[in-house]
Amino acid sequence: MKDFLKITLKHPQDVPKLREKIWDLESVNEVREHDIPFYRRYLIDNGLFPMNMLEVQGKCLKSTRASLENKTCIFEMKTQPTPLESDLPELKVLSFDIEACNPKGMPLEREDPIIMISFSSNQGFRKVFSTKDSSFDFAELVHDERELLKKFVETIKSENPDLILGYNSDVFDFPYIRDRAAKLSVPLELGVDGSSLKFMRRGFTNAAVIKGRVNIDLYPNMRRYLQLDRYTLERVYKELFGENKIDIPGDEIYSCWEDGGEKLEKLFEYSLEDAIAVTEIGEKMLPLSMELTRIVGQPLFDVARMATGQQVEWYLIKKAFEYDEVVPNKPSSSQHSQRRGRSIVGGYVKDPVKGLHDNIVSFDFQSLYPSIIISKNISPDSLMDNCTEEDCYISPEIGHKFRKEPVGFVPSVIGKVLQERLRIKSIMTHSTDTRERQILNVQQEALKRLANSMYGVYGFTLFRWYSLECADAITAWGREFIKKTMKKAEEFNFKPIYADTDGFYATYTGSIGNKIDNTDLNKEN
DNA sequence: GTGAACCGGGG
DNA sequence: GTGTACGGTTCAC
């Protein structure tokens with residue numbers, strides 16, 4: 001227990017000013033929660049969850065979106081949704097892709113005009129604007145690049161999407177469009193209120209911001225959701241749909257454009273296919289992002305750009321407010337490098353026995369680390385210096401002690417997440433409605449992701465809840481559990497041939513006819 | 001061995 | 001905008 005003084009200010013801009021002033025005061029130990037952006041603070045303090053519907057006496061509480069006409073609002077509601085309420089009205093999604101080329105390599109904003117812009121919406125809209133003519137079905141000829149850019153703005157205005165999707169569009173398409181439009185003095189009034197395209201600095205990259213529409217760059221999302229060697233649009237598309245889309249290697253685009261004829265037709269087709277692929281990938285992946293948005297309680301725009309660890313962190317920040325906990329600070333740069341200097345021992349890995357094996361069985365723990373966090377009450381607020389085995393769980397190898405009571409902040413949050421997941425899974429198994437089952441499945445997936453990423457908040461040096469002791473204790477128990485399980489399996493004639501962290505493969509050396517009593521093999525948690 | 005530079009995706 | 005944030009590999013010394 002610590003004493004805190006809560007200071008409320010009238011204007012967000014006063015926060016950094018006051019922060020600087022009180023930091024050095026002798027009576028001040030630490031200043032907390034001084035770096036939560038205003039709009040996030042607002043969502044947290046008011047218990048609002050984006051991407052949920054809110055209807056107040058048949059009217060929208062907020063009116064930034066065009067869906068006013070429908071008398072529904074895609075906005076916040078005061079409580080977390082129940083599964084059935086979360087079936088939102090369909091959002092209009094518009095994807096786009098631009099083409100530009102340079103004989104020597106990547107096109108340069110200063111020299112190379114945009115030659116094509118393709119659109120695809122989730123409601124069947126398809127179009128390729130280009131400064132060259134084509135007999136391609138969806139092609140529309142424009143006079144020059146200036147008109148091309150104007151068509152870009154007009155199309156977004158007339159299609160009026162809720163979501164705008166691109167692939168690497170934060171880094172390539174939008175900045176390229178911005179620079180060309182600046183050169184040709186075309187105003188990029190893309191917002192629902194006619195406001196201009198803006199860029200927000202986010203770390204080492206920018207994000208394109210359009211008022212009233214959620215711009216999502218699918219590229220960083222795909223890096224998070226899929227485990228691939230490369231993340232080109234083609235590779236990702238193949239992974240998700242098992243089909244090849246037409247691809248034109250980058251260095252051939254220039255000749256397609258210059259030579260014309262069939263090669264130019266193919267370029268039109270390729271460009272539109274890219275936009276369509278983005279729509280399809282979006283339709284497949286967005287439900288999960290939306291679900292995470294609802295759970296994490298921060299805007300889709302932000303959540304779609306957060307690494308999983310950050311999503312977990314913001315979820316915990318939201319929960320901290322509910323639990324009356326004060327959020328720990330981000331590490332200073334010196335704290336960060338200090339943390340990086342001390343390494344955490346990872347999971348147990350047994351090098352694979354070389355060769356071809358028959359009768360392979362795989363064992364794995366379900367949510368090993370989350371279960372350990374809960375069952376051993378691993379939380380910074382449960383960590384004790386002196387404690388007996390009676391009152392504390394004591395970790396193997398390193399002997400960190402965690403009191404059994406009361407339940408710590410993080411274990412409590414994970415517990416609720418897993419509980420909610422089980423609840424949804426059980427409704428899902430009993431549901432006969434396919435659509436409902438799909439929605440519920442995405443929801444339980446999102447919760448699973450969140451729970452499984454929770455370990456990271458202790459182990460990743462940049463995070464607010466970083467704790468070497470907690471991270472070390474989790475992996476230590478993890479190693480103990482898997483080794484014990486492997487030993488147990490050996491008693492039943494399984495010979496482990498490879499193990500990694502939360503699971504192992506074994507060959508069965510007994511006779512196949514023998515009955516295996518798998519209750520004895522059940523995992524320890 | 002160390003620190004800086006570079007890269008991802010995009011055409 | 002209560003912000004300014006990656007992580008891994010390669011290269012030059």
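So you know, we letter chains A, B, ... as the sequences are listed, proteins then strands, and number each from 1. Just so you know, these numbers use all the heavy atoms, side chains as well, and skip hydrogens, waters and symmetry mates.
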Just to be sure I understand the rule, does [X] reach a base, reach only the sugar-phosphate, or reach nothing, if contact means heavy atoms closer than 4.0 Å?
| X | value |
| --- | --- |
| A/Ile98 | sugar-phosphate |
| A/Ile248 | nothing |
| A/Pro16 | sugar-phosphate |
| A/Pro107 | base |
| A/Tyr231 | sugar-phosphate |
| A/Met222 | nothing |
| A/Ile253 | sugar-phosphate |
| A/Arg19 | sugar-phosphate |
| A/Gly166 | nothing |

Could you measure the distance from the [atom1] atom of [X] to the [atom2] atom of [Y]? Nearest 0.5 Å is fine.
| X | Y | atom1 | atom2 | result |
| --- | --- | --- | --- | --- |
| A/Asp97 | A/Asn168 | CG | CG | 10.5 Å |
| A/Tyr348 | A/Asp500 | OH | CG | 10.5 Å |
| A/Arg449 | A/Leu447 | CZ | CG | 11.5 Å |
| A/Lys198 | A/Lys211 | NZ | NZ | 5.5 Å |
| A/Glu280 | A/Tyr237 | CD | OH | 3.5 Å |

_Measuring only the P atom in each nucleotide, how far is B/dG9 from C/dT10? A whole number of Å is fine._
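Result for the P pair: 15 Å, nearest Å.
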*How far, in whole Å, is C/dA5 from C/dT9 if one measures between their P atoms?*
23 Å
Passing candidate, ring-ring contact (aromatic ring centres under 6.0 Å, His included) with A/Phe96, options A/Tyr176, A/Phe174, A/Tyr167
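The passing option is A/Phe174.
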Send over the distance from [X] [atom1] to [N] [atom2], rounded to a whole Å.
| X | N | atom1 | atom2 | result |
| --- | --- | --- | --- | --- |
| A/Met200 | C/dA5 | CE | P | 14 Å |
| A/His336 | C/dT4 | NE2 | C1' | 15 Å |
| A/Gln13 | C/dG3 | CD | P | 11 Å |
| A/Arg230 | C/dT9 | CZ | P | 16 Å |
| A/Glu33 | C/dG3 | CD | C1' | 16 Å |
| A/His34 | C/dG1 | NE2 | C1' | 15 Å |
| A/Ile317 | C/dA5 | CD1 | C1' | 13 Å |
| A/Met306 | C/dG3 | CE | C1' | 12 Å |

Between [X] and [Y], is there a side-chain N and carboxylate O pair less than 4.0 Å apart?
| X | Y | answer |
| --- | --- | --- |
| A/Lys238 | A/Glu234 | no |
| A/Glu154 | A/Lys157 | no |
| A/Asp229 | A/Arg235 | yes |
| A/Arg294 | A/Glu291 | yes |
| A/Arg464 | A/Asp35 | yes |

DNA chain B-proximal residues of [range], any heavy atom under 4.0 Å:
| range | value |
| --- | --- |
| residues 255-289 of chain A | A/Tyr270, A/Asp274 |
| residues 167-179 of chain A | A/Tyr167, A/Asn168, A/Phe172 |
| residues 449-462 of chain A | none |

Q. Does anyone know the first and last nucleotide of DNA chain B in reach of chain A, 5' to 3', at under 4.0 angstrom to a heavy atom?
A.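 For DNA chain B, the relevant span reads B/dG8 to B/dG11.
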Dot-bracket assigned to DNA chain B with the 3.5 Å Watson-Crick/G-U criterion, [ ] for crossing and | for other-strand pairs, is ||||||||...
Intermediate values then yes/no, side-chain hydrogen bond (donor to acceptor under 3.5 Å, both in side chains), A/Tyr225 and A/Ser289: CA-CA 10 Å; A/Tyr225 291 147; A/Ser289 295; 2.6 Å; yes
Quick one, A/Ser134 with A/Glu265, criterion side-chain hydrogen bond (donor to acceptor under 3.5 Å, both in side chains). Give me CA distance, side-chain angles, the key distance, then yes/no.
CA-CA 7 Å; A/Ser134 161; A/Glu265 297 294 302; 3.1 Å; yes
### Message
Ignoring hydrogens, what is the shortest heavy-atom contact between A/Leu18 and A/Ile7? Give both atom names and the distance.
### Response
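Heavy-atom minimum between the residues: CD2-CG2, 3.9 Å.
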Could you tell me whether the phosphate oxygens of C/dT4, OP1 or OP2, come under 4.0 Å of any side-chain nitrogen or oxygen in A/Lys330?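 The answer is yes; a side-chain N or O of A/Lys330 sits under 4.0 Å from OP1 or OP2.
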For residues 288-309 of chain A, the ring pair (Phe, Tyr, Trp, His ring centres under 6.0 Å) pairs (sequence neighbours left out) are none
task: Take atom CG of A/Asp45 as the centre, draw a 6.0 Å sphere, and report whether it contains more than 12 heavy atoms from other residues, nucleotides or ligands.
output: yes
**Prompt:** Just checking, any donor-acceptor pair under 3.5 angstrom between side chains of A/Arg223 and A/Tyr219?
**Reply:**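 Side-chain D/A pair, A/Arg223 to A/Tyr219: present.
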A/Lys263 and A/Ser255: CA distance, side-chain angles, deciding distance, side-chain hydrogen bond (donor to acceptor under 3.5 Å, both in side chains) verdict
CA-CA 8 Å; A/Lys263 285 169 82 180; A/Ser255 70; 3.3 Å; yes
